[in-house]
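What follows is one structure encoded as structure tokens, with my remarks underneath.
Throughout, protein chains are lettered first and strands after them, A, B, ... in sequence-line order, and every chain is numbered starting at 1.
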Amino acid sequence: MAFPGDHLPVSVRVRFAPSPTGHLHVGGARTALFNYLHARRQGGVFVLRIEDTDAARSTDESLAAIFESLEWLGLSWDEGPKVGGAHGPYLQSKRRDRYALHGRSLETAGRAYPCFCSAEDLEERRRAQTARGEPPRYDGRCRSLDPAERQRQMEAGLPRALRFALPESGESVWDDVVRGRVAFRNELLDDFVLLRSDGLPTYNFACVVDDHEMEITDVVRGDDHISNTPRQLLLYEALGWTPPRFAHVPMILGQDGTRLSKRHGATSVAAYRERGFLPEAMVNFLALLGWSYDGQRELFSLAELEQLFRLERVGSNPAIFNVEKLEWLNGQHLRALPEAERVRRVAEFLRARGETGFEMRSPEWQQALVRAIGDRLKTLTDARTYGAFALEETLEVDEAAWAELRERPEVGPRLRALAARVAADREFTLETLERDLRGLAAELGIKAGELIGAARVALTGRKVSPGIFEVLWLLGRDRSVRRLEDAAARWEASPRAGV
RNA sequence: GGCGCUAUCGUCUAGGGGUCUAGGACAGGUGGUUCUCAGCCAUCAGACCGGGGUUCGAAUCCCCGUAGCGCUACCA
């Protein structure tokens, strides 16, 4: 029921607020995804806000990297850097006046006070508290400063921070969308800093001011922020603002169950991109980390997720990032791609890695290679692995594969015979090549598989490859003949244990 | 240490008191198909952290314990 003066039922407004202190990691990407999906599903607005109040750690490179990763994933923002919006600026470093303004009003209202304690002092007092077995928290020294003394310190021009004067009793409670009721006793909190002595806001203050001014209705963030929520709730109360709804999504852990970090290997979405993962798979995988549709269906496109995602279906237990599932999903999405698109992605991927062997070939050849690799393609990197025999001029021979071949009898002559057939094949199609080889095997009285095995090592240098007729076709007549003969010569020159 | 969050197969999860002899997926085993591998098909193995309650009945509700993680900064 609406009353005069009430806000009209506002549509959902969510935000993703990374700090530009490094690449976008998968945990952040997942938070961004959930925010994005929630906004899309509810017909709301997705805001991107940059929390760069830590001047020492924030960099432009990080900022650019975050934009790039979000764009790659397809998570477009409706308001924020690059696109603008009515609630800007969207960089906290450009909003100092806002924080100062609200800081002053809190101070005037007696809800905040200047603190002249130095960092060293604070550190020492904390140490003493810990030594005494007490919880380390601000002792309130400057809160109880008498007005004359406070005035004197101000006039002396001592660096001052602004601290929030917390209520000593009561509870901060909220109904979390993913966890239900969460409560903290206020007395356990301490008078935290709102504005640093350099005038920049700390996280909790900036966050509350911005969420309010940007009219954020739903705060969806990692559950490492749960214990910040009571502090923020208290700020909303002190400022006379209505707090948003909170949804604390579980964190993503490394294989060992601890918070995902560099020691768990690749953690940035950029790294997965470089490894040949598709944004489609990444999005699908991230969505499944914490959210489920019905426990059965697992394959989703971003567009489908925008329709099906519900914050209420997000679970509350932390998830371990397991790459095997990502790889499987990547294979699924790769196969779902129309062939032409798959070829395009392979070309793009190889080009980004500075490999030109693929894109120099004809479209028909490119398509044939990708088709020959077929379902072996789980990541785009596999295109290079399985296509190396045709992409690279010099053949790298796997030692184990060769060792096996070397010990087998009759290989040399057989490879030479096959070379002759291939050389004589005027049509050179998959059909004629198959006829050549199977015909020869029959004449030699051996199984086709045996001849194929030897040819595979000779032509690709490996024990594993795409189908042998495709291999021959991709290599072309000249290269095929040459490799077969080279292998035969090498076999003939090799001493054999049993001979 | 204090506070908080979490707890179902190795992993991601379904499950909201009886239909659960707990379902699906990845990974793993076995068999089949094929020129290898991948894929595909079939099949097997694999879990409700422990202890108390509540209830006719608990994976599901409550309490305690345990474990993991997070926060405990003039980081975010």
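Atom CZ in Phe184(A) sits about 11 Å away from atom P in rC3(B), given to the nearest Å. Rounded to whole Å, atom P of rC40(B) lies 13 Å from atom CZ of Arg376(A). Look at CZ on Arg15(A): it is 13 Å from P on rA76(B), rounded to the nearest Å. The interatomic distance linking Glu124(A) (CD) with rA73(B) (C1') rounds to 17 Å, in whole Å. A straight line from CG of Asp224(A) to C1' of rU72(B) spans 13 Å, rounded to a whole angstrom.
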Sugar-phosphate or base contact per nucleotide [nucleotides 7-22 of chain B; S, B, -; heavy atom under 4.0 Å]
SS--SBSSS-------
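Across rC37(B) and rG10(B), the matching C1' atoms stand 25 Å from one another, rounded to whole Å. Between the P atoms of rA76(B) and rC63(B), the separation comes to 36 Å (whole Å). Rounded to the nearest Å, the gap between the C1' atom of rU60(B) and that of rU8(B) is 11 Å. Comparing rC49(B) with rA22(B), their P atoms are spaced 15 Å from each other, to the whole Å.
Looking at heavy-atom distances under 4.0 Å, Arg126(A) makes contact with sugar-phosphate atoms alone, never a base. Across all strands shown, His225(A) has heavy atoms under 4.0 Å from base atoms, whether or not it also approaches the sugar-phosphate.
In this structure, Arg438(A) reaches the rC35(B) phosphate: one of its side-chain N or O atoms is under 4.0 Å from OP1 or OP2. Close to rA73(B), at under 4.0 Å from its OP1 or OP2, lies no side-chain N or O of Thr202(A).
Shown here, rA7(B) forms a base pair with rU66(B); the pair counts as Watson-Crick or G-U wobble because both key distances fall under 3.5 Å.
With hydrogens and angles left out, the side chain of Asn204(A) and the base of rA76(B) share no donor-acceptor pair within 3.5 Å.
Looking at Arg462(A) and Asp398(A), no side-chain N of the basic residue comes within less than 4.0 Å of a carboxylate O on the acidic one, giving no salt bridge. Under 4.0 Å is where a charged nitrogen must lie from a carboxylate oxygen, and between Glu123(A) and Arg126(A) at least one such pair does. Taking 4.0 Å as the cut-off between side-chain N and carboxylate O, Glu171(A) and Arg181(A) count as a salt-bridged pair.
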